[in-house]
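Some notes on the structure that comes next.
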Protein chains: 2
Amino acid sequence: MANALPIPKILLVDDDPDIIELLEYNLQKEGFEIKSALDGIQAVEVAKAFKPDLILLDVMMPRQDGIETARQLRLIPEFKEVYILFLTARAEEYTEVAAFDVGADDYIVKPIKPRALVSRIKAMFRREAQQIESDEKIEIGQLVINRTNYSVLNDGNPLVMPKKEFELLSFLAKHPNKVFNRDELLEKVWGTDVYVVERTVDVHIRKLREKIPEHYIKTLKGVGYMFTLEA
Amino acid sequence: MANALPIPKILLVDDDPDIIELLEYNLQKEGFEIKSALDGIQAVEVAKAFKPDLILLDVMMPRQDGIETARQLRLIPEFKEVYILFLTARAEEYTEVAAFDVGADDYIVKPIKPRALVSRIKAMFRREAQQIESDEKIEIGQLVINRTNYSVLNDGNPLVMPKKEFELLSFLAKHPNKVFNRDELLEKVWGTDVYVVERTVDVHIRKLREKIPEHYIKTLKGVGYMFTLEA
DNA sequence: CTTATTTTTATCAATTCTGTAAAGATTAGC
DNA sequence: GCTAATCTTTACAGAATTGATAAAAATAAG
């Protein structure tokens with residue numbers, strides 16, 4: 001995934017442990033956070049606690065099928081808009097129709113090709129991200145930070161910076177006059193599942209200061225760093 | 001067709017019976033009158049009798065593709081003004097295949113989300129169809145990319161390139177100064193239902209760089225590739 | 001059906017980026 | 001002005017990403 005910021009959470013629901021294992025492996029590898037349930041009833045329980053962004057739901061399950069599970073989920077306000085993606089066998093065409101009736105966003109036909117599934121899921125989140133992230137461009141002071149071409153202009157002069165520096169600068173510039181301690185920056189820029197030493201932030205700050213005018217990034221001793229326009 | 005009939009009639013054309021069934025169910029539920037055809041030749045026949053207000057046309061079909069079918073329909077005076085909405089696997093396919101040329105009014109990218117489709121169709125009947133502009137020819141830097149004869153001129157010198165390379169270059173050149181990661185390129189150029197390894201993109205990029213001046217395609221490490229005129 | 005071309009995958013080398021440690025500099029508090 | 005804490009800077013190792021090449025697979029052409 002390109003952006004480390006929010007890690008999408010996926011709930012897998014299938015009565016076949018082999019399928020669960022297969023999907024879990026492949027999706028975890030892509031950096032998604034995964035939880036699973038072996039039937040529909042369990043699924044609703046897990047969903048309430050886990051709050052997934054996407055639910056992968058097998059249609060044919062004992063106790064309670066996928067359609068009914070989806071129906072129940074849709075009754076919960078929290079899951080009115082959550083993505084639901086059905087897993088179905090080719091034979092059960094009728095379920096496809098019924099599935100969309102309960103607000104399925106897409107469906108995958110078994111046998112599942114992991115690569116295809118991963119690619120579809122990624123595309124799904126990407127489209128959503130595009131709609132949300134309209135702030136592709138930040139103009140602040142004499143800086144123009146543009147995510148579409150990953151460029152930073154300093155008073156019109158282009159600056160080259162690697163990914164992490166760009167992300168760090170973007171984040172700070174997006175919240176001017178607000179201090180962040182190193183932990184917060186690590187969480188917001190590096191991500192929640194990355195463990196690095198706090199001092200790492202310092203080094204990146206330093207590299208930024210080599211490129212943009214010094215006064216933009218202020219150190220607050222004992223507290224953290226802050227993007228500011230004032231002296 | 002501008003006149004708003006009491007019950008709009010829609011003709012579905014797709015070689016996949018599952019898609020037909022899915023769409024038929026969802027559109028009928030919305031009160032449209034539906035007929036379907038499994039290929040382009042059949043479609044023309046059915047259209048003559050059914051006189052639809054809107055034709056939903058799959059681009060990729062055996063025997064006769066959607067573009068050719070649309071062309072034939074447009075030859076019939078009765079269908080000169082009928083709404084035609086293409087179903088395509090790739091967003092880019094729409095313009096690539098010159099769908100606009102045969103008077104397409106809009107397009108839907110697969111996989112189809114019924115809820116989205118229904119609202120698009122409703123909107124279509126509500127508003128006046130608007131012409132979607134296209135670019136058969138891209139002139140950028142010293143390159144001229146011409147889709148009508150599938151040629152690329154570099155400073156006047158013709159370059160020969162296979163399909164995928166051409167598509168990739170076209171796409172990048174159409175969106176200069178915008179980075180795309182490999183996933184995005186795969187989705188836009190390869191299509192939503194083609195699943196190949198991400199690094200496949202690299203090889204095509206490399207081949208492009210052998211033909212066009214190096215500086216046109218920039219690598220942004222950890223991010224993706226970008227077409228640019230700047231150094 | 002065979003051959004040629006294109007497309008995709010796999011592998012290894014080259015490059016760039018990132019994280020860490022450690023020494024030097026600065027600041028704040030006393 | 002001294003001391004301790006905190007931050008800055010440098011340098012380097014190893015992670016991660018990309019480039020280049022070759023070979024396999026798929027597709028198109030003859």
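Predicted model only: the values in this text are computed from it and were never measured. Residue numbers begin at 1 in each chain, while the letters A, B, ... track the order of the sequences.
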| said: Classify the ring geometry of B:His175 against B:Phe180: parallel below 30°, tilted from 30° to 60°, perpendicular beyond 60°. | reply: perpendicular
| message | Other residues, nucleotides and ligands only: do more than 12 of their heavy atoms fall within 6.0 Å of NZ on A:Lys9? | response | yes
| said: Whole angstroms only, please: what is the CG-P distance between A:Leu208 and C:dC17? | reply: 14 Å
| said: Using 30° and 60° as the class boundaries, would you call the ring planes of A:Tyr83 and A:Phe125 parallel, tilted or perpendicular? | reply: perpendicular
| query | If you find the nucleotide of DNA chain D closest to B:Gly224 and the one closest to A:Leu220, which residue's nucleotide is nearer the 5' end? | reply | A:Leu220
| message | Taking any atom closer than 4.0 angstrom to a non-hydrogen atom of chain B, what span of DNA chain D does the protein reach, first nucleotide to last? | response | D:dT17 to D:dT21
| Once you round it to whole Å, what is the distance between P of C:dT20 and CZ of A:Arg182? | 14 Å
| task | Taking atom types as modelled, find out whether B:Arg74 and B:Thr69 have a side-chain donor-acceptor pair closer than 3.5 angstrom. | result | no
| With a 4.0 Å cut-off on heavy atoms, is B:Tyr225 in touch with a base, just the backbone sugar-phosphate, or nothing at all? | sugar-phosphate
| said: Please determine whether a side-chain nitrogen of the Lys or Arg among B:Lys188 and B:Glu184 lies less than 4.0 Å from a carboxylate oxygen of the Asp or Glu. | reply: no
| task | For A:Pro176 and A:Ala173, work out which heavy atoms get closest and say how close. | result | CD-O, 3.3 Å
| Rounded distance (nearest 0.5 Å) linking atom NZ of B:Lys178 with atom CG of A:Asn149 | 9.0 Å
| remark: Rounded to whole Å, the CD1-P distance (A:Ile205 to C:dT26) equals 19 Å
| message | Less than 4.0 angstrom between a side-chain N/O of A:Arg115 and OP1 or OP2 of C:dT8, yes or no? | response | no
| request: Verify the distance criterion only: is there a donor paired with an acceptor across the side chains of B:Thr228 and B:Asn177 at less than 3.5 Å? | output: yes
What's touching nucleotides 23-25 of chain C from the protein side, N or O pairs under 3.5 Å?
none

| field | Atom pair distance, as rounded to whole Å: CG in B:Asp202 and P in C:dC12 | value | 17 Å
| Counting any heavy atom closer than 4.0 Å, what does A:Arg209 reach on the DNA or RNA strands: base, sugar-phosphate only, or nothing? | sugar-phosphate
| request: Determine, for B:Glu187 against A:Lys122, whether the closest basic-nitrogen to carboxylate-oxygen distance falls under 4.0 angstrom. | output: no
Each nucleotide N or O in nucleotides 4-7 of chain C that has a protein N or O under 3.5 Å away: list the pair and distance.
unit_1: C:dT7; atom_1: OP1; unit_2: B:Lys164; atom_2: N; d: 3.0

| field | 5′-ward residue of the pair A:Val203/B:Val203 relative to DNA chain D | value | A:Val203
| said: Does either side chain, that of A:Tyr150 or that of A:Glu167, offer a donor lying less than 3.5 Å from an acceptor on the other one? | reply: yes
| request: Determine the sole option in A:Ile112, A:Ile20, A:Ile34, A:Leu117 for which the side chain to side chain contact (heavy atoms under 4.5 Å, CB included) test with A:Leu56 is passed. | output: A:Leu117
